[in-house]
Amino acid sequence: MKNLDVKILTKHLDDPELHTLAAYERHGGYGALRKALKGGMTPEKIHEEVKASNLRGRGGAGFPTGIKWGFLPKQTEKPVYLVINADEGEPGTFKDRLIMERNPHSLIEGCILSCFALKANHCFIYIRGELFKAIKRIEQAIEEARAKGYVGPNVLGTGFRCEIVAHPGAGAYICGEEMALIESLEGKPGQPRNKPPFPAHVGLFGCPTIVNNVETIAYVPWIVENGGQAYSDLGSDRNGGLKIWGVSGSVKRPGLWELPMGIPMRYLIEECAGGMKDGKVMKGVIPGGSSCPPMLAREIDVALDIESIKKAGSMLGTGCVTVFEEGICTVRLAQRIAHFYEHESCGQCTPCREGTGWLYRNVKRLEHGDALEGGLGLLESICNRILGNTICALGDAAAMPIQGFIQRFGDEWAAHLGAGRCPIQG
Amino acid sequence: MLTIDGKSIPLACVDGRHTVLDAARAVGAHVPAFCSDRRVTTGGHCRMCMVEVDGRVVAACATAARDGQTVRTDTPRLKAYRQDLGELVVSEAAAGGRAGAELATMGVTGERYPLRRVAAGRPRDESHPYLRLDLNACILCRLCVRACDELQGQFVYAVTGRGASTHISWGEGAFKDSPCVSCGACASICPTGAITDRDRERSAGLIEDRVVQTTCSYCGVGCQLAVHAAGEHILRIEGARSPVNHEHLCVKGRYAHTFVHHEDRLREPLMRKSGVLTPVTWREALDRVASELRAAAPNVAMLSSSRCTNEENYLAQKWFRAAFDTNNVDCCARVCHAPSAAGMRATLGTGAATNSLEDLERCDVLLLSGSNTTESHPVTGARIKQAVLGGTRLIVVDPRRTELARMADLHLRLEPGTNVALLNSLAAALVDEGLLDRAFLETRVEGFEAYARFISACLPEDMEAITGVPASQVRRAARMYAGAARPMQAHGLGMTEHFQGSEGVMLLCNLALLVGAVGREGVGVNPLRGQNNVQGAADMGCQPDSTTGYQRVDDPAVRAKFTAAWGRPFPEREGLTLPQMYDAARRGELKAMYIFGEDVVQTDPDAHSVVAALRALDFLAVQEIFPSRTSALAHVVLPGASFLEKDGTFTNGERRIQRVRQVLDPVGDARPDWRILCDLMAASGFPQPFTRPSEIMDEIARVHPGFTGVSYPRLVRNGLQWPVPSAEHPGTPILHRESFPLPGGKARLVCVEYRRSPTLDARRGGDLMLITGRVLAHYNSGSMTRRTPNATLEPADRLQMHPTDADARGLRTGDVVRLENRFGEATGCVEVTDAVAPGTVFLTFHHPESNTNFVTSDVQDRIAGCPEYKLVPVAVSRA
Ligand SMILES: Cc1cc2nc3c(=O)[nH]c(=O)nc-3n(C[C@H](O)[C@H](O)[C@H](O)COP(=O)(O)O)c2cc1C
Ligand code: SF4
Ligand code: SF4
Ligand code: FES
């Protein structure tokens with residue numbers, strides 16, 4: 001394991017004033033911006049560095065950022081928009097919040113650089129409505145940056161215009177889905193659109209739009225300053241750089257750590273989070289937010305990169321791991337998750353709207369030990385109705401964990417059938 | 001090439017506009033699709049239409065068909081998916097309609113997922129006269145929402161809630177209190193019967209035996225109807241695919257058809273015997289009419305009907321001109337758009353819309369004058385709304401704050417009766433600021449020099465005091481209109497029904513000429529013709545100065561041509577206009593009149609004097625479908641057929657000649673009007689050879705130069721827009737592309753000075769200015785719409801009054817009031833609203849008991865003789 005001591009976004013977290021412009025600059029902040037704009041870097045050059053960095057989207061899907069940026073039309077008469085997805089709503093996930101509350105200028109600097117690279121003049125940061133402090137800190141950071149001439153009609157006197165707007169969200173998980181987020185930004189109900197067209201072609205207000213996660217963009221300044229290759233080298237194969245990892249659940253020290261891509265999950269749980277608390281025994285983990293299929297305790301030696309974890313039968317997701325101990329009923333756990341998706345489905349497509357309801361009601365019934373006429377097959381068939389058949393990935397996100405639980409904890413689930421009560425927790 | 005289930009589709013069909021679903025349908029592959037409809041945008045909600053495209057599962061309705069795709073619609077996996085999704089659907093909704101039928105065919109039982117969430121208990125609503133809602137059947141396909149938003153632009157429905165609690169809503173309270181305008185688009189599109197209507201409910205159980213496409217007989221938009229019928233029953237009416245209405249309809253066209261079988265219909269000929277109208281045989285009635293008219297000729301007059309077909313109008317004028325040696329022929333265009341025809345003929349050379357309805361989607365600025373389009377021409381109004389929602393800029397000239405005025409970029413809210421002053425000031429601003437198309441003026445327009453000198457005295461700053469519109473607003477409007485790449489105009493009766501009606505229309509033409517906005521796509525001057533066939537009645541020659549094809553009666557060559565064509569000498573003297581007919585009758589000079597399909601007593605202004613004129617006649621014959629105030633004065637009443645009971649053609653406001661097709665047999669002993677006219681002509685010693693309307697059209701094509709290429713076989717699909725100079729000619733959507741039919745081929749700028757209407761000088765009538773007009777639910781005299789459930793929607797004539805005026809009189813919405821002036825007395829039911837300005841009131845004229853036209857004035861357009869319905873002083877007090 002290499003680069004365990006390198007830190008980027010969390011390097012100066014011990015400075016309680018880091019969220020101010022003065023402190024950020026004291027630690028070298030906005031150096032990348034100066035380097036790029038004053039040092040004659042072209043937008044294309046920045047794009048190249050981002051491609052070389054192997055930076056993968058930190059919003060959950062892990063799409064290579066450089067490639068995504070390349071989807072913008074080469075020629076367009078319409079304005080191009082950058083939209084930052086700061087809606088962080090995935091259960092178990094709390095990393096973007098840290099960045100926005102403690103190191104907001106890293107995001108702002110990243111936004112300006114990314115706008116420059118994308119030839120965009122407007123950036124919207126869509127922040128989850130409940131994150132009051134983050135909203136305040138981002139708004140303050142934008143104001144400070146504007147006062148300093150980093151944001152506004154004439155960035156650093158170069159004639160480049162960059163406006164950044166913080167937009168508090170309206171309180172729905174679905175608004176984190178990029179198309180729903182765009183609809184919501186437009187002032188409409190947050191409901192995903194059919195794709196294609198993808199946002200890079202028809203996004204915000206019908207214009208070409210790039211949607212990126214907070215963490216994704218916050219790494220851009222370091223990449224610009226140190227080069228894409230340097231960033232890529234920090235991580236593992238095809239998974240460039242560092243990432244902010246989270247652990248929650250029945251561990252000694254829940255929290256967030258900035259570590260390279262590709263570190264083993266066991267290291268994160270045992271070394272960073274201190275292992276299981278109160279002598280509990282690990283039963284399993286949900287690797288990257290509630291949409292990811294669970295994994296068994298014995299599977300945690302997997303490397304935390306997108307491909308490895310996929311091979312192991314789950315998803316890296318947001319990189320925030322939830323640990324649960326022996327004695328927890330996975331049906332009850334799944335019921336909570338199913339309830340979440342039933343409640344958060346936007347309701348526009350039939351398989352998700354009806355399917356999430358059926359999943360929730362049947363999992364709940366199972367947890368109470370009722371027999372399901374179709375057995376577990378009924379649940380699986382509903383999952384199959386949803387998977388791949390919906391407008392957005394929320395449907396998949398609801399179905400995958402249920403499938404995963406049945407796959408890994410099938411005996412436990414089968415034991416519930418007709419048991420009259422939960423055989424694990426009563 | 002694209003293959004679907006092994007069948008290939010040639011590349012030609014894959015043009016980027018079609019979806020995989022369209023392609024699948026093209027090869028006959030059956031893919032269930034609940035939430036897609038060609039009328040509205042893609043939803044992709046139901047997920048029933050999932051297919052495999054190159055191995056990936058996608059929604060066929062939301063995926064563009066592309067070259068090289070391999071599509072499978074019928075794999076076992078897809079079939080199982082659909083079946084099971086169907087089970088999920090019925091576990092939540094008791095779907096009927098086409099979706100329900102499809103699910104039943106699929107063998108969906110509703111037993112697979114037995115935990116029914118809410119089988120019942122979702123909202124139902126039956127408060128509306130037409131629409132019925134029962135959300136227990138709703139599958140949330142959202143077609144209703146899209147139809148309401150995208151076809152009508154009314155935004156009645158919303159999707160409320162999230163996830164499982166998602167439901168369709170229409171705001172608080174009963175549906176009848178929603179902003180719904182009863183266009184019926186939602187009921188027509190809903191695949192489950194969750195939203196349905198009175199017609200569907202009434203006709204449940206009847207087996208449809210035909211669908212007949214015909215033309216709506218209400219306003220001049222000319223929507224194409226698909227009439228679904230079973231025997232003598234109309235099951236329902238849908239909008240047909242047509243460039244005119246794109247399958248959309250309004251509350252009148254879709255729903256107001258039950259008048260056809262109303263008990264009040266005239267079912268047999270009537271003759272006055274000992275003062276009482278008594279049933280007689282057709283023979284007796286026809287002979288009486290013919291002999292009375294023959295005895296009185298040439299002091300006889302024909303008032304033909306813009307409600308009836310081209311063929312009938314042609315016969316009516318032919319009959320009087322050839323058999324009774326008189327040009328005393330007029331029609332109800334006189335009281336609506338005659339000024340448009342006169343004004344446009346004087347400036348552009350042709351008295352008809354220069355462009356087409358489709359241009360509404362092509363223009364970037366629309367100048368709309370004197371038209372409450374969303375109520376008077378609802379389908380065109382909806383189209384304008386969509387254009388404005390899509391970014392077209394809108395300038396509205398209207399004293400009332402209409403629905404479109406509220407949506408407009410600029411609303412020039414002028415004092416009633418000051419159109420000429422305002423339009424002059426708009427033109428003056430164009431000239432003053434040099435916002436002109438110089439090249440166009442140079443090559444295609446006559447008289448700019450003189451006009452520029454004249455108009456310099458009409459600057460917005462000079463006219464402000466007259467019009468009440470701030471000069472700055474007028475200048476902004478001028479810049480917006482001139483700045484557009486495609487500035488288009490449309491106007492309504494608020495322009496024409498004035499003392500200076502024809503002149504106002506000329507000024508609209510001036511504006512278009514100054515900026516070169518004639519003769520190409522997306523521009524022009526376009527009167528929104530009021531009645532279904534007001535264009536056609538004029539085209540056919542129902543006016544005293546010209547016969548078929550606007551060929552002037554004072555032209556000896558024309559007379560010679562028609563003398564030869566008809567085999568009778570053609571009368572020389574120009575005839576009387578409708579107001580002149582009344583005058584002549586009152587003076588005892590006109591002896592007999594034939595009134596065809598019109599209730600002049602209710603609809604013509606200053607009704608008392610109309611009655612006096614009709615009473616003074618020796619003989620009055622009326623051909624009608626309902627008894628009316630006019631037929632009550634007649635000596636003979638002949639029962640005609642409604643548009644659903646006969647064949648023919650109507651010509652809409654964009655000059656489109658469209659087929660009217662018989663759906664039902666005429667009620668009782670009533671007869672198609674063209675047949676009655678033929679019989680009368682025979683009885684008058686002028687027999688006609690016609691056995692069907694198409695033969696009449698063939699004769700019209702021989703005498704009307706603009707109709708040379710018109711024949712029924714060519715009208716089958718979308719009709720033809722005249723002129724159609726030859727049998728191969730495709731018709732003319734846009735007039736004046738190269739030149740104007742005026743001497744020298746150039747259009748003329750006309751100098752018109754503003755004159756105060758004499759009505760205003762006679763202020764003694766009262767302290768409020770009355771404008772009269774229509775509402776959505778009714779059509780003109782209401783003889784048809786009042787005999788349908790539309791009457792429930794709008795039970796009485798409305799008097800709109802500003803809150804200040806209402807307060808001053810202690811009036812509130814719902815109060816019944818009396819209107820009085822020197823012409824007479826009328827009543828109305830108050831609606832307090834800021835849609836009218838203080839000092840102005842607006843009254844509709846759909847209900848005979850209100851007597852609206854007892855208070856309209858005797859002032860007429862100076863040129864075309866159209867009454868000034870839009871301006872008269874009245875006093876209003878509690879009844
Ligand atoms: C239901 C749903 C919720 C999502 N929520 C978030 C979120 O809260 N934050 C986020 O960054 N991405 C979220 N995403 C992913 C976004 O759609 C999108 O992929 C992401 O913002 C792209 O940014 P990235 O490429 O930088 O990761 C969500 C996706 C789905 C389907
Ligand atoms: S999958 Fe669910 S959340 Fe996504 S669009 Fe469909 S109903 Fe909405
Ligand atoms: S009411 Fe009908 S059209 Fe509207 S969402 Fe429900 S099923 Fe679809
Ligand atoms: S018809 Fe395609 S998703 Fe409904």
Side-chain angles (χ1 to χ4, degrees), chain A residues 170-175 179-180 188-197 206 338-365 370 372-374 377-392 394-395 398, chain B residues 19 34-36 41-52 56-59 61-64 66 77-78 80-93 95 99 111-118 139-142 145 149 158-168 390-391:
Chain A
Y173 169 66
I174 192 60
C175 289
M179 281 299 202
K188 302 179 197 148
Q191 302 203 333
R193 300 179 191 160
N194 286 288
K195 292 192 267 195
H339 187 218
F340 175 78
Y341 289 107
E342 185 253 6
H343 185 248
E344 296 296 338
S345 161
C346 86
Q348 67 167 320
C349 44
T350 310
C352 171
R353 180 187 64 244
E354 308 301 353
T356 51
W358 279 98
L359 282 181
Y360 168 56
R361 290 190 302 272
N362 277 315
V363 172
K364 182 170 159 191
R365 229 175 109 170
D370 267 2
L372 304 180
E373 265 158 58
L378 181 79
L379 289 172
E380 288 192 291
S381 99
I382 297 171
C383 290
N384 285 328
R385 293 303 74 93
I386 301 174
L387 271 171
N389 293 322
T390 54
I391 292 180
C392 86
L394 186 140
Chain B
T19 62
F34 294 168
C35 73
S36 118
T41 52
T42 305
H45 303 304
C46 77
R47 314 309 283 181
M48 262 291 162
C49 69
M50 302 309 283
V51 295
E52 280 177 21
R56 275 189 45 230
V57 176
V58 297
C61 71
T63 305
R66 274 189 229 294
R77 183 191 170 289
L78 286 171
Y81 162 77
R82 280 184 207 131
Q83 179 79 22
D84 212 32
L85 186 65
E87 295 285 349
L88 272 182
V89 169
V90 298
S91 74
E92 304 299 351
E111 279 158 18
R112 175 141 175 77
Y113 299 108
L115 295 180
R116 282 182 84 91
R117 177 166 39 102
V118 261
I139 60 168
L140 291 164
C141 71
R142 305 185 181 202
V145 182
D149 294 0
V159 184
T160 309
R162 198 171 67 193
S165 63
T166 307
H167 60 280
I168 298 295

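Protein chains get the first letters and strands the later ones, always in sequence-line order, with residue 1 at the start of each. Worth knowing before you read on, the calculation uses all heavy atoms, side chains too, and leaves out hydrogens, waters and symmetry mates.
The backbone N or O of A:I382 lies less than 3.5 Å from no partner atom in the side chain of B:D84, so there is not a single donor-acceptor pair. Here the side chain of A:T350 pairs a donor or acceptor atom with the backbone of B:C46 at under 3.5 angstrom.
Contact of the B:L85 side chain with the A:E354 side chain is not registered, since no non-hydrogen atoms from C-beta on lie closer than 4.5 Å. With a 4.5 Å cut-off on side-chain heavy atoms, A:Q348 and B:T166 do not count as touching.
The most heavy-atom pairs under 4.5 Å with chain B, out of A:G388, A:C352, A:G357, A:G347, come from A:G347. Among the candidates A:G355, A:G374, A:P351, the residue making the largest number of heavy-atom pairs closer than 4.5 Å to chain B is A:P351. The residue among A:I386, A:I174, A:N389, A:N194 with the most heavy atom pairs within less than 4.5 Å of chain B is A:N389.
The number of heavy atoms from other shown groups lying within 6.0 Å of NE2 (B:H167) is above 12.
Of all heavy-atom pairs spanning A:G171 and B:R162, the tightest one is O-NH1, 3.9 Å. Shown here for B:R142 and A:C346, the closest heavy-atom pair between the two residues is NH2-O, 4.4 Å. A:R385 and B:Y81 get closest at one heavy-atom pair: O-CE1, 3.3 Å. The nearest pair of heavy atoms linking B:L140 to A:R353 is CD1-NE, 3.4 Å. Pairing each heavy atom of A:I391 with each of B:R47, the nearest pair is CG1-NH1, 3.2 Å.
Taking the side-chain hydrogen bond (donor to acceptor under 3.5 Å, both in side chains) definition, one finds that A:Y360 meets it with nothing, sequence neighbours left out.
For A:E344, the parts lying near chain B are the backbone and the side chain together; criterion is any non-hydrogen pair under 4.5 Å.
A distance of 7.5 Å separates OG of B:S165 from NE2 of A:H343, quoted to the nearest 0.5 Å. Distance check: A:S381 OG to B:L88 CG gives 7.5 Å after rounding to the nearest 0.5 Å.
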